[in-house]
Asks: 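Have a look at this one.
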Amino acid sequence: MLLTAASFLSKFLGMIYVIPFTNIVGETGMTLYGFAYTPYSILISVSTVGVPLAVSKFVSKYNSLDDYYTSMRIFKLGTVLMFITGIVAFFIMYFGADVIAKLFLAEEKKEISLEDAAHVIQMVSFALIIIPSMSIMRGFFQGNQSMGPTAVSQVIEQIARITFLLIGVFLIKVVWDGSNSTAVGLATFSAFVGAIASWVVLLMYWKNRKRFLSEKLDQQKKKVRIPRSKLLKELFQYAGPFVLVGIATSLYQLVDLITFDKAMVAIGKGDISTIAYSVFNVQGHKVILIPVTIATGLSLALIPEITKSFNLNQVDRLNKQINQSLQIIMFFVLPAVAGLVILSHEIYGGLFGIDNISIAGPLFAWYAPTALTFAFFTVTCSILQGIEQQKFTLISLSAGILIKILLNSLMIQILAEKGAVITTLLATSVAVFLNLWRIKTSLKFSYRRFRKLSLLMLIFTIVMAILLLLVKWLFGFFISYNDGQLIAFVITIIAVFIGGTFYMYFGYMSTLFERIVGKRIPILDRIFRR
């Protein structure tokens, strides 16, 4: 729960800062920002190769065997390995910036040049030097059942990054009237600043706990020196499955980054490609991550128990836990998607401005349903890992990415900017369906209970959607999102509060919420039973 809370807070801060950032640099600046962050996210995942999570699992395993010597060896080995891969990733991104930029832009544009794109890519690459080795320390603490260092460092990293970013961009754009390229370049460099802050926090934790760790190591009487090659082999066996889920979203965004601008130029819509890309791959994506983070955080908390039930062959308990994981996703994300679709113009206009709302509003509504598929993909992949079917995640992810690659340009030429969004939705849906099929065939799992409760959630969501449409209609007599960003934001807050309260009330009073989470929540009792 601590890590879930930290992850949610980090994601929430990551959405909130986008609001002033977008208002300063505009959609063009956000697209430029996306040019740097998408390849950066992939290189971070590839350079770490899931090793931090694998180290956590590795350390936990050997600590349970009272072999603290081997745990410390893998920590030191992993740190050196990640430092090397981080340096390699930095060189690839920094010196290959021009080549990467040419992959993204179909042609030089007035608002974004190849030189600008290459500049921001180079600025973000510095973070690759230290983040991989830093993440190893987080994994080591987690393996020692200490979640505080990861949670605190994660939040401090985000706060330091956002503070540096917003102050720097404000000074460059507003105070000194500088260029978008300079401002966005500094914004991408903030990843390095955040990483430094995180390192400081982790080193403070290390200094405080080193004595305790050293005592355990000194008390170990028998120290078996496992060959380094065997340690690395075991580490990478753990690491492989973890990286797939981590890079899935970035891979879909990478396909868009390479094909979207070129396809839009080919159909004569190059003038709006920059704005459209930023809507669903930068700002819009950060908004949908909020319900996804809450739901997946709660669902993933069940994965260790699913692994335990599978290993103990407790079939009934295992089926109940898998059902619970999937139901949590549906309960939280389905109504969120409905709200995002109905209030797309108000939400986007309230958060990021109404200057391009005629393009952004409809496109954001099309993108909202991917929250459901991304959430289900993350959780089903984790379930497959828990039941020793992790290799299948490679098949499902590959199928989804292949569909995205094959259809993206074609769909954009047929449906313009909506084509890219629809292709992502189709590709991720196929990947989710394959994972669900594998879970069913591997365990002879029945989705009957899941379908039954999902139907009830759908009914509540439809009624909530009707209520939201009624609220919008009533607001229409007095105010509209077209009246300005502040008015759009006020409409959003009121409508979300009314819709969310209604859904939670009926979900709770019908005992649906209780059946999903497994118990009653005292605070909700006090709220709804007054």
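All figures in this text were calculated on a predicted structure; none of them were measured in a lab.
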Asks: Looking at every heavy atom in both Leu257 and Gly34, which two are closest together, and how far apart are they?
Replies: CD2-O, 4.1 Å
Asks: Excluding sequence neighbours, so at least two apart, what forms salt bridge (Lys or Arg N to Asp or Glu O under 4.0 Å) with Arg317?
Replies: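 Checked Arg317 against salt bridge (Lys or Arg N to Asp or Glu O under 4.0 Å); matches are Glu305.
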Asks: Does any non-hydrogen side-chain atom of Thr423 lie less than 4.5 Å from one of Ile412?
Replies: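 With C-beta onward as the side chain, the pair stays apart.
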Asks: Scan the side chains in residues 471-485 for donor-acceptor partners under 3.5 Å anywhere in the protein, sequence neighbours excluded, and list what turns up.
Replies:
from: Lys472; atom 1: NZ; to: Ile342; atom 2: O; distance (Å): 3.0
from: Ser480; atom 1: OG; to: Asn482; atom 2: N; distance (Å): 3.2
from: Asp483; atom 1: OD2; to: Ser480; atom 2: N; distance (Å): 2.9
from: Gln485; atom 1: NE2; to: Gly350; atom 2: O; distance (Å): 3.3
from: Gln485; atom 1: NE2; to: Leu351; atom 2: O; distance (Å): 3.3

Asks: For Val379 and Ile383, run side chain to side chain contact (heavy atoms under 4.5 Å, CB included): C-alpha distance rounded to whole Å, both residues' side-chain angles, the deciding distance at 0.1 Å, then the answer.
Replies: CA-CA 6 Å; Val379 171; Ile383 292 172; 4.0 Å; yes
Asks: Can you confirm whether Leu443 sits close enough to Phe310 that some side-chain heavy atom of one is under 4.5 Å from a side-chain heavy atom of the other?
Replies: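 Yes; the side chains approach each other to less than 4.5 Å.
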Asks: What I'd like to find out is whether the side chain of Thr380 reaches to under 4.5 Å of the side chain of Leu326, using heavy atoms alone.
Replies: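 Yes, at least one pair of side-chain atoms sits under 4.5 Å.
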Asks: If you compare all heavy atoms of Val432 against all heavy atoms of Thr373, which two are closest, and at what distance to 0.1 Å?
Replies: CG2-O, 3.4 Å
Asks: Could you measure the distance from the CD1 atom of Ile329 to the CG atom of Leu372? Nearest 0.5 Å is fine.
Replies: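 Here the interatomic distance stands at 8.0 Å.
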Asks: With sequence neighbours left out, which residue pairs that include part of residues 352-361 fulfil the side chain to side chain donor-acceptor pair (under 3.5 Å) condition?
Replies: Glu27-Asn356
Asks: For Phe331 and Tyr503, run ring-ring contact (aromatic ring centres under 6.0 Å, His included): C-alpha distance rounded to whole Å, both residues' side-chain angles, the deciding distance at 0.1 Å, then the answer.
Replies: CA-CA 10 Å; Phe331 183 82; Tyr503 182 82; 5.2 Å; yes
Asks: Side-chain donor-acceptor pairs under 3.5 Å in residues 359-371, sequence neighbours left out?
Replies:
from: Tyr367; atom 1: OH; to: His285; atom 2: ND1; distance (Å): 2.8
from: Thr370; atom 1: OG1; to: Tyr367; atom 2: O; distance (Å): 2.6

Asks: Tell me if the aromatic rings of Tyr508 and Phe506 count as close, with their centers under 6.0 Å from one another.
Replies: no
Asks: Tyr37 versus Gln253: any side-chain heavy-atom pair under 4.5 Å?
Replies: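 Side chain of Tyr37 against side chain of Gln253, heavy atoms only: no contact under 4.5 Å found.
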Asks: Has Lys262 got a side-chain atom pairing as donor or acceptor with Ile258's backbone, closer than 3.5 angstrom?
Replies: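 Such a contact is found between Lys262 side chain and Ile258 backbone.
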Asks: Going through the checks in order, is the side chain to side chain contact (heavy atoms under 4.5 Å, CB included) test met by Glu157 and Met134?
Replies: CA-CA 11 Å; Glu157 177 183 3; Met134 174 197 72; 4.0 Å; yes
Asks: Going by atom types alone, do Ser198 and Arg138 pair a side-chain donor with an acceptor below 3.5 Å?
Replies: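 Present: a donor and an acceptor within the cut-off.
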Asks: Are any of the side-chain heavy atoms of Pro20 and Leu166 separated by less than 4.5 Å?
Replies: yes
Asks: Quick check: closest heavy atoms across Ala248 and Phe377, and the distance to 0.1 Å?
Replies: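 In this case the closest contact between Ala248 and Phe377 is CB-CE2, 3.5 Å.
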Asks: Walk me through whether Tyr447 and Phe445 qualify under ring-ring contact (aromatic ring centres under 6.0 Å, His included).
Replies: CA-CA 7 Å; Tyr447 290 103; Phe445 179 76; 4.8 Å; yes
Asks: For the atom pair OG (Ser325) and NZ (Lys320), what is the distance rounded to the nearest 0.5 Å?
Replies: 12.5 Å
Asks: Mind checking the CD1-CE spacing from Ile275 to Met264? Nearest 0.5 Å is all I need.
Replies: 9.5 Å
Asks: Compare all side-chain heavy atoms of Ile387 with those of Leu384 and state whether any distance is below 4.5 angstrom.
Replies: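 Yes, at least one pair of side-chain atoms sits under 4.5 Å.
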Asks: Check the angle between the aromatic planes of Phe392 and Trp437 and answer parallel, tilted or perpendicular using the 30° and 60° thresholds.
Replies: tilted
Asks: Work out which heavy atom in Gly353 is nearest to a heavy atom in Ile357; give both atom names and the distance.
Replies: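 Shortest heavy-atom contact: O-CD1, 4.5 Å.
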Asks: Can you tell if the side chain of Met30 reaches within under 4.5 Å of the side chain of Val18, non-hydrogen atoms only?
Replies: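 They are in contact (side-chain heavy atoms under 4.5 Å apart), so the answer is yes.
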Asks: Quick check: do Ser278 and Gln283 have side-chain heavy atoms less than 4.5 Å from each other?
Replies: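 Contact flag for Ser278/Gln283 side chains = yes.
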Asks: In a table with atom names and distances, give each donor-acceptor pair under 3.5 Å that connects a side chain of residues 450-468 to protein atoms at least two apart or in another chain.
Replies:
from: Ser454; atom 1: OG; to: Phe450; atom 2: O; distance (Å): 2.7
from: Thr461; atom 1: OG1; to: Met457; atom 2: O; distance (Å): 2.7

Asks: Taking all atoms of both residues into account, what is the closest heavy-atom pair of Val124 and Ala36, and its distance?
Replies: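 Result for this residue pair: CG1-O, 3.8 Å.
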Asks: Can Gln321 and Ser309 be said to form a side-chain hydrogen bond (donor to acceptor under 3.5 Å, both in side chains), step by step?
Replies: CA-CA 9 Å; Gln321 289 164 342; Ser309 298; 2.9 Å; yes
Asks: Search all heavy atoms of Ala431 against all heavy atoms of Ser396 and return the closest pair with its distance.
Replies: CB-O, 3.4 Å
Asks: Tell me, which pairs form a salt bridge (Lys or Arg N to Asp or Glu O under 4.0 Å) where one or both residues lie in residues 395-412, sequence neighbours left out?
Replies: Asp256-Lys404
Asks: Could you go through Phe280 and Phe260, starting from their C-alpha distance and side-chain angles, then the distance that decides it, and tell me whether this counts as side chain to side chain contact (heavy atoms under 4.5 Å, CB included)?
Replies: CA-CA 12 Å; Phe280 66 90; Phe260 187 77; 3.9 Å; yes
Asks: How about Phe502 and Phe497: are their ring centroids closer than 6.0 Å?
Replies: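 For Phe502 and Phe497, the ring centres are not under 6.0 Å apart.
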Asks: Sub-3.5 Å donor-acceptor pair from the side chain of Thr428 to the main-chain atoms of Leu425, do we have one?
Replies: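 It does hold such a pair.
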